[in-house]
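Take a look at the structure below.
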Amino acid sequence: MTGNLSFTLARLAEKLGARLVGNPDQLITGLATLQDAEPQQLAFLANSQYRKFLADTRAGAVLLTEADAEGFAGNALVVKDPYLSYARISHQFDRKPIPVAGVHASAVVAEDAEIDPTASIGPGAVIESGARVGADVTIGAQCFVGARSQIGAGGWLAPRVTLYHDVVIGERVVVQSGAVIGSEGFGFANAGGQWQKIAQIGGVRVGDDVEIGANTTIDRGALADTLIGNGVKLDNQIQIAHNVQIGDHTAMAACVGISGSTRIGKHCMIAGGVGMVGHIEVCDNVFVSGMTMVTRSITEPGAYSSGTAMQPAAEWKKSAARIRQLDTLARRVQQLEKQLEVVTQGPQDSSKS
Amino acid sequence: MTGNLSFTLARLAEKLGARLVGNPDQLITGLATLQDAEPQQLAFLANSQYRKFLADTRAGAVLLTEADAEGFAGNALVVKDPYLSYARISHQFDRKPIPVAGVHASAVVAEDAEIDPTASIGPGAVIESGARVGADVTIGAQCFVGARSQIGAGGWLAPRVTLYHDVVIGERVVVQSGAVIGSEGFGFANAGGQWQKIAQIGGVRVGDDVEIGANTTIDRGALADTLIGNGVKLDNQIQIAHNVQIGDHTAMAACVGISGSTRIGKHCMIAGGVGMVGHIEVCDNVFVSGMTMVTRSITEPGAYSSGTAMQPAAEWKKSAARIRQLDTLARRVQQLEKQLEVVTQGPQDSSKS
Amino acid sequence: MTGNLSFTLARLAEKLGARLVGNPDQLITGLATLQDAEPQQLAFLANSQYRKFLADTRAGAVLLTEADAEGFAGNALVVKDPYLSYARISHQFDRKPIPVAGVHASAVVAEDAEIDPTASIGPGAVIESGARVGADVTIGAQCFVGARSQIGAGGWLAPRVTLYHDVVIGERVVVQSGAVIGSEGFGFANAGGQWQKIAQIGGVRVGDDVEIGANTTIDRGALADTLIGNGVKLDNQIQIAHNVQIGDHTAMAACVGISGSTRIGKHCMIAGGVGMVGHIEVCDNVFVSGMTMVTRSITEPGAYSSGTAMQPAAEWKKSAARIRQLDTLARRVQQLEKQLEVVTQGPQDSSKS
């Protein structure tokens with residue numbers, strides 16, 4: 001799958017500002033792990049636990065730290081942070097097709113939409129009245145961009161993305177296929193047992209350098225806008241309800257669901273499958289582990305969890321049954337403590353509960 | 001984001017049947033909360049806990065009850081249920097583009113499909129043989145409506161919605177972008193360790209006044225139809241498996257998954273992330289809290305829950321470890337009770353377990 | 001919903017290699033359960049617990065075993081495995097539209113894409129440079145097939161499916177609407193609190209006879225490919241992260257999430273809503289029950305579970321509170337044991353914990 005893209009090691013060293021050890025003319029055509037690398041691939045040693053693979057690697061060169069470079073006989077690019085350098089150089093080897101500027105003949109673009117001439121609008125895309133598409137933006141095939149929505153410079157929408165009306169997206173934002181931004185949130189008033197729909201008249205504002213995963217959904221605001229901060233990274237199949245606010249540089253793994261009006265701070269990491277109830281606040285620098293149910297605000301930075309550990313099903317059945325009896329069990333222990341107190345010394349302290 | 005739509009307070013009072021207090025000529029151009037409202041916006045006081053914001057609101061007028069209107073000096077629309085009135089009036093301020101009747105030139109419509117002349121078929125939509133689209137229906141851009149499927153009067157499909165063949169939808173149904181209705185459910189027979197696909201020959205029937213959220217999926221029936229009752233509201237990213245039946249006016253928040261052939265009653269509320277196994281029945285008027293795992297039928301109305309409460313991760317690890325030992329712990333308590341009985345009075349009652 | 005397709009019982013017996021009992025000319029126009037079947041429908045008795053419905057069924061004929069056929073007076077097709085025979089014959093009664101070979105005029109196909117003349121490319125589909133579409137493949141309306149992607153013979157893509165570039169799919173693979181294959185996985189390096197995107201330069205390889213459900217997402221590999229084995233069945237709204245490997249004939253129910261680089265064996269069954277962390281291994285023949293959180297590798301075949309059982313909400317609140325105190329409770333029990341030891345016999349054994 002690695003491409004026919006080809007660079008000399010010298011060229012890569014220059015791009016990364018790396019110290020080159022070995023043959024500057026070594027051709028590099030792709031990236032791989034130390035274990036899998038072929039002789040024309042660049043590998044990286046980002047974690048010293050993989051140091052054992054260094055001796056036997058067939059890689060054409062290795063990205064590593066000054067410390068790890070000592071005693072390594074092969075070609076090397078010596079850098080401060082090999083993983084970050086790998087991240088930066090990886091884009092050179094991406095075979096993702098390069099979009100061509102211009103509007104495809106099959107796209108349907110409203111007359112008053114403003115499309116930067118450097119932007120690329122793919123086949124079958126639909127862009128509605130008053131929308132604005134910035135410089136160097138790619139709108140993939142079959143995307144829908146609703147009325148008055150805006151996409152800042154350098155954005156990349158995969159095929160089949162929906163932006164409803166009045167969705168404002170910052171610069172260099174990446175949206176994966178199937179994502180829906182600006183859908184009408186779940187707002188209903190109960191009228192005698194039946195549900196009366198509440199128009200969702202807010203929009204969505206997305207900051208710069210945001211990534212939005214495949215089939216992720218972000219609802220528009222009920223009144224004010226739903227807000228996604230700068231540098232936020234949302235994985236696939238995440239659900240962001242109306243009027244949620246997500247702080248800068250917070251990352252969420254797949255299948256997270258955030259209920260309406262919840263506000264999450266900056267630099268948080270929310271693992272896969274986490275659910276949060278609505279109208280709570282989560283402060284900055286919080287880590288929530290996978291599948292945790294967050295039912296209250298979090299006011300202290302740190303790590304939080306819920307759920308039970310996996311067991312063989314037969315043992316789990318016993319645990320689950322015992323959990324249902326847990327209140328009774330706790331009362332029985334309390335009773336035992338009282339009785340034992342009588343036996344050993346007579347009642348003196350009744351403060352336990 | 002609030003629009004250039006503009007109404008006098010007198011006009012809004014008339015629409016809502018509200019008693020007007022103050023200036024009937026006050027222009028209202030949008031809706032907002034009491035705290036955020038600008039001088040030309042209408043706010044609402046739906047919950048007395050927000051009464052404290054009434055004194056300082058800059059709103060042009062406030063929707064409130066007779067009781068809350070007492071002593072309020074500003075413009076007011078006095079109604080019985082302010083939240084419901086807000087819901088009703090909200091649609092006046094919705095800047096969602098109004099569809100134009102007719103079939104867009106880029107849509108692909110089968111010759112024998114019946115499209116009401118008042119319906120709007122968006123760019124790139126595909127409508128297959130024998131489909132029927134009723135009066136005042138909007139089919140968004142890039143939607144797919146399969147063979148023989150029907151959409152009743154007043155329906156609204158956002159862009160990029162899929163209806164497979166033989167999906168029958170009632171009147172005034174709203175479907176958000178990315179939703180899929182009528183997909184082939186998960187039906188396989190095991191043939192010596194390999195899976196033999198079972199054709200899914202049932203359809204889907206959806207009642208009137210239903211809302212289906214973004215990227216929600218509803219599978220067609222294996223034999224008979226999957227059934228969604230009248231007034232059902234389904235949020236985003238919900239999964240409804242084949243032959244599920246959902247009773248009238250039941251609402252489900254995002255990320256719920258309902259397994260095959262499960263039947264849910266009327267007026268239930270299923271919170272976000274709930275999962276239900278297949279082939280169970282849930283009676284009317286049941287509330288299930290977020291992320292609950294429903295593994296058996298529910299025969300009594302009421303509220304149900306499962307899961308564990310969130311803790312700091314270090315404490316959670318201890319709890320999780322203890323849960324795995326819980327059966328042993330319960331046995332130890334039983335043993336203690338027996339021993340203590342011997343100590344205090346000799347064995348008399350062995351019925352505890 | 002059952003069609004106007006019509007077969008004699010003799011013809012169906014021939015197709016299934018079944019022993020026919022009764023009228024060979026009986027017309028069969030559809031399938032149904034024993035309870036629902038009309039006089040021209042074929043029912044099946046796959047589970048002896050439904051034997052009670054056999055006497056009163058109105059079915060035109062019944063698929064059943066030799067044992068169950070004894071004493072049944074109606075028309076019958078006697079087979080070894082009635083459920084499997086039902087699976088096989090079900091496709092005869094599927095009213096799913098039959099695709100027409102050729103490329104629809106509104107599809108956008110790159111000049112150098114190779115489309116087999118027997119393949120069907122639906123309206124609005126987009127097929128990019130270097131893609132290859134095999135014999136008898138159906139590409140539904142509004143699908144996107146990225147550069148150099150391949151779809152093997154007999155494949156069927158529902159409308160609105162996305163295949164990114166360099167996605168290789170085997171033969172007879174079914175993909176439901178809204179599925180996304182080859183999206184860019186969640187790969188970011190942390191650079192001083194901000195996230196640097198890592199290009200996802202691997203692809204996806206999908207085996208033969210795979211089924212991929214509606215709105216399911218499968219990320220491309222970061223370096224090497226994401227791998228889906230032969231005969232794997234994935235239900236709706238499943239998330240497969242980059243570099244996951246799924247063994248042959250493993251089935252997953254809806255809403256499962258598998259984190260990056262996790263490897264799952266063959267013939268596993270993963271129930272709905274299960275989540276797995278990344279970088280673990282699950283051996284062959286594992287069953288994981290619904291909504292289980294899998295946080296470690298599974299090395300022994302068998303059934304595994306986590307989570308707590310549903311309770312009425314008031315009782316659940318007590319259980320949840322007690323779980324948070326569980327470590328303390330366990331220590332109190334240990335203390336009781338020590339004290340009681342002193343009371344009954346003096347300290348002798350301090351090995352318990």
Side-chain angles (χ1 to χ4, degrees), chain A residues 108 124 126 128-129 142 144 147 160 162 165-166 178 180 183-184 186 188-189 191 193-199 201-203 215 217 219 223-225 237 239 241 257 259 275 277 289 292-296 302-309 311 318-319 322-323 325 329 332-333 336 339-340 343, chain B residues 1-2 30-33 36 83-84 86-88 90-91 93-97 106 123-124 141-142 158-160 176-178 211 213-215 231 233 235-237 249 251 253-255 267 272-273 290-291 307-313 316 320-321 323-324 326-327 330 333 336-337 340 343-344:
Chain A
V108 178
V126 174
E128 299 234 303
S129 175
Q142 305 152 329
F144 177 87
R160 287 210 310 106
T162 298
H165 54 286
D166 296 311
V180 175
S183 38
E184 295 176 354
F186 206 60
F188 300 94
Q194 303 197 13
W195 300 102
Q196 167 77 38
K197 184 180 173 89
I198 298 170
I201 63 179
N215 283 350
T217 53
D219 285 335
L223 291 168
D225 295 342
Q237 299 201 38
Q239 150 68 1
S259 303
V277 298
S289 69
T292 291
M293 172 167 69
V294 183
T295 54
R296 56 180 174 80
Y304 296 84
S305 302
S306 77
T308 76
Q311 297 179 273
K318 288 182 194 168
S319 299
R322 293 300 188 187
I323 287 172
Q325 305 157 352
L329 185 71
R332 283 164 58 193
V333 170
L336 282 168
Q339 292 177 339
L340 197 61
V343 169
Chain B
M1 209 53 60
T2 47
L31 298 173
T33 61
D36 292 343
Y83 195 65
L84 189 55
Y86 150 59
R88 288 195 173 127
S90 66
H91 299 273
F93 299 97
D94 194 350
R95 294 186 76 207
K96 184 156 68 167
S106 64
Q142 304 150 329
R160 287 210 310 106
Q176 302 291 339
S177 186
E211 177 126 0
N215 283 351
K233 308 297 180 186
D235 198 354
N236 297 352
Q237 298 200 39
H249 310 297
C255 306
H267 299 287
M291 298 178 80
T308 76
M310 183 182 71
Q311 297 178 271
W316 171 80
I323 287 171
R324 293 177 62 177
L326 197 49
D327 191 55
V333 171
L336 281 168
E337 286 168 339
L340 197 61
V343 169
T344 54

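Order of the sequence lines sets the chain letters (A, B, ...), proteins ahead of strands, with each chain counted from 1.
Proximity to chain B involves both the backbone and the side chain of A:S183, based on heavy atoms less than 4.5 angstrom apart. In this structure, the portions of B:Q176 lying under 4.5 Å from any heavy atom of chain A include both its backbone and its side chain. For a residue to count as touching a neighbouring chain, one of its non-hydrogen atoms must lie under 4.5 Å from one of that chain's; by this rule A:V126 touches chain B with backbone and side chain alike. For a residue to count as touching a neighbouring chain, one of its non-hydrogen atoms must lie under 4.5 Å from one of that chain's; by this rule B:A214 touches chain A with backbone and side chain alike. Both the backbone and the side chain of A:Q237 have a heavy atom closer than 4.5 Å to some heavy atom of chain B. Both the backbone and the side chain of B:S177 come within contact range of chain A, each with at least one heavy atom under 4.5 Å from a heavy atom of that chain. Contact annotation for B:A309: only backbone heavy atoms (N, CA, C, O) come within less than 4.5 Å of a heavy atom of chain A. For a residue to count as touching a neighbouring chain, one of its non-hydrogen atoms must lie under 4.5 Å from one of that chain's; by this rule A:Q196 touches chain B with backbone and side chain alike. Contacts between B:R160 and chain A at a heavy-atom distance below 4.5 Å involve the side chain alone, from C-beta outward.
Side-chain atoms of A:T292 come within 3.5 Å of backbone N or O of A:S306 as a donor-acceptor pair.
For chain B, the option among A:G178, A:A241, A:S259 with the highest count of heavy-atom pairs below 4.5 Å is A:G178. Between chain B and the residues A:V108, A:L336, A:V277, the largest count of heavy-atom pairs under 4.5 Å involves A:L336.
In plain terms, the two heavy atoms of A:F188 and A:W195 that are nearest each other are CB-CE3, 3.7 Å.
The distance from atom OG1 of A:T308 to atom CZ of B:R324, rounded to the nearest 0.5 Å, is 9.5 Å.
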